[in-house]
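So the structure is just underneath, and the comments pick up after that.
The figures here come from the full heavy-atom set of this structure, side chains too, leaving out hydrogens, waters and symmetry mates. Below, chains carry the letters A, B, ... as their sequence lines are ordered, and counting in each starts from 1.
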2 protein chains.
Amino acid sequence: MPSVTLKEIAETLGISIATVSKALKGYPDISESTKQRVQELAKSLNYHPNSFAQSLRTQQSNLIGLIIPEIVHHFFANIIQGVIDEAKKEGYLVIVLQSDESYIHEKEQLQLLLEKNVDGILISLSDKTVHYKHVKEVIDAGMPVVLYDKISKSLDCSKIIIDDRGAAKDATTHLILRGCQKIAHISGPLKPQTTIDRYLGYKDALKEHGISFQKELVYTSENLSYEDGYALGEQILIDHPDVDGIFSFTDLVATGALTKIREMGIKIPDQVSIMGFSNWFLARITTPTLSTVDQPGYRMGQEAFKQLCKEIKMTKDQEIILPEIIKIPTKIVQRQSTR
Amino acid sequence: MPSVTLKEIAETLGISIATVSKALKGYPDISESTKQRVQELAKSLNYHPNSFAQSLRTQQSNLIGLIIPEIVHHFFANIIQGVIDEAKKEGYLVIVLQSDESYIHEKEQLQLLLEKNVDGILISLSDKTVHYKHVKEVIDAGMPVVLYDKISKSLDCSKIIIDDRGAAKDATTHLILRGCQKIAHISGPLKPQTTIDRYLGYKDALKEHGISFQKELVYTSENLSYEDGYALGEQILIDHPDVDGIFSFTDLVATGALTKIREMGIKIPDQVSIMGFSNWFLARITTPTLSTVDQPGYRMGQEAFKQLCKEIKMTKDQEIILPEIIKIPTKIVQRQSTR
DNA sequence: TTGAAAGCGCTAACAT
DNA sequence: ATGTTAGCGCTTTCAA
């Protein structure tokens, strides 16, 4: 791809390279007529600047890195979209990498992005990451980094999160207000923090409404799968036939439980109400449709980029960055699985 | 980020920049001892080459662009993953862009990628793209381009596709072999080509089994939505109570139809069998689960990158590229919605 | 075995 | 208003 350079334009027009460069950028000290001539020729030659040369000079790439635990995932896919859309507005392009919930990949990919000289990095920590030296090093090297969704409190950088605990409390409260007296909770492995927070939110709601917490009403899904939910739905009702509400920490598991319970001939929501978490696409198409907490991925992606962009600018201006924690509001989406 | 340069290493060691560069790349004409010293220092200083300078010299970025119509989409998300994984193996990073099924975005994004000097582009045409000058220009400029999934026959470049017509024929045949006599087809707007091909495959199967094609058994979903399927499912059985099989051109619409038909008290698959297309995640969680055609997105992504990579190398070596058309095999996934 | 030097294409301070 | 010049960090040819 032998592309057009400033030099060629300059030679054709018999002026200097510097003048061409300035004319193209609309510097005020270039005469209108020259600007005209240059810009016309540039257009007709389909000139576009060589981004490597530009980046080499300016030391910025207009590229950011986005490390995501899992791409094929409704929530994360929404985040990707939010980031890309927002980045485009500011002229940034996004390199997407998948950590696959693996610490090793996460570390490698951080390195790759560093080597590509991206201007900043957005990362959601993998569930298997337990120490954060690799991230800290990148931050310490002066690279703007913003964490989203799965974060670590020990990392000193900006974070975009939802209030998992508050949202879970809202979800459980929703069940209580609709008349549920005995509410089971399906939780997950106690990592990431989001899972713990949802569990705590569940307890908060019970407490606030004077319902005593019973440990045996808390079940654990190890694989976060539909099948887990299917099995647990049955188990819960065998162990506690009088359970009239279930709050699951994630939609997919809730969907499994809902399906099994319906198949058992139990009426939803009349006998048992079910509440999920995330508002995945599938919550709209189950029978009955699933009430859940909307976790606004797109919005999180947008905010994450905005914050990162701000920090990129500050870094360039040598300003000191004060990490911010931005909480994105969630809301209850009521559908047919709760009264 | 004041990073370490070759110059610094050279000065520290009292040797020339060129020697450092060669030592780091393991050139045979550098003594082992020098290599040792250089490599050790580089490591301890955490040196990594400035990618802009490298790219400026070598004119390659090790970056490719991936334009996808829709990120929040099970099939396309799988493609993204396939591309990223495969690209990583070859040391490439992927810039992801979403065209949103818009011709204007598609055109803009192609331009952005060109300006970023990516080494190659992977693109699936938006449904609203009807002429291809913008893509052709990029190809003519010498940029390696590979089309995947939604392609145009008029574009002279490699293409990665599935055999939609054959797969649809298989799906319809599956229904016929399971005893369906009167099979309706839900199709979509006759753009992209994939939709047309699936319709033709449906006809092929009927013909092969001596079933006469009836135009009134073909319905159209305008929005490719669950709601469309829900409405059409009812409509089909009102118009033709004796229909005993439905082949939908896409899973989401099939899911809507399946739900409505079940709600109407009609037994699936005993009275009506339903077949989808794509094998989206949701096909596993409907009640009954949905039989469908597996459209291997991940594999397509991998193959698309492999082909692109091949062409990038060939372009670099000034070889002539002969466009290839690669068909990825599909397979029928039988679940509960067909006998 | 090593180094000098040119140059990739661009920007920007400085000079004219 | 325009041009000169230096240099961003690297690779690679050619000379020593």
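For the pair Asn117(A) CG and dC8(D) P, the interatomic distance rounds to 15 Å; values are reported in whole Å. Glu8(B) has its CD atom 11 Å from the C1' atom of dG9(D), to the nearest Å. One interatomic measurement links the two molecules: NZ of Lys35(B) to C1' of dT1(C), which rounds to 11 Å at whole-angstrom precision.
Residue contacts shown for Ser55(B) are absent, as no nucleic acid heavy atom lies under 4.0 Å away.
Between Lys43(B) and Glu40(B) no salt bridge is recorded (no basic side-chain N to carboxylate O distance below 4.0 Å). Salt bridge annotation for Lys313(B)-Glu90(B): present, with a cationic side-chain nitrogen under 4.0 angstrom from a carboxylate oxygen. Classification of Lys150(A) and Glu101(A) as a salt-bridged pair holds, one side-chain N sitting under 4.0 Å from a carboxylate O. Salt-bridge check for Glu324(B) with Lys310(B): passed, with a basic side-chain N closer than 4.0 Å to an acidic carboxylate O.
At the phosphate of dT1(C), neither OP1 nor OP2 sits under 4.0 Å from any side-chain N or O atom of Thr19(B).
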The contact string for nucleotides 9-16 of chain C, one letter per nucleotide 5' to 3', using protein heavy atoms under 4.0 Å with B, S and - for base, sugar-phosphate only and none, comes out as BBBBBB--
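Side-chain N/O atoms of Ser99(B) and Ser102(B) include no donor and acceptor closer than 3.5 Å.
Residues Pro69(B) and Ser126(B) fail the side-chain proximity criterion, which asks for heavy atoms closer than 4.5 Å.
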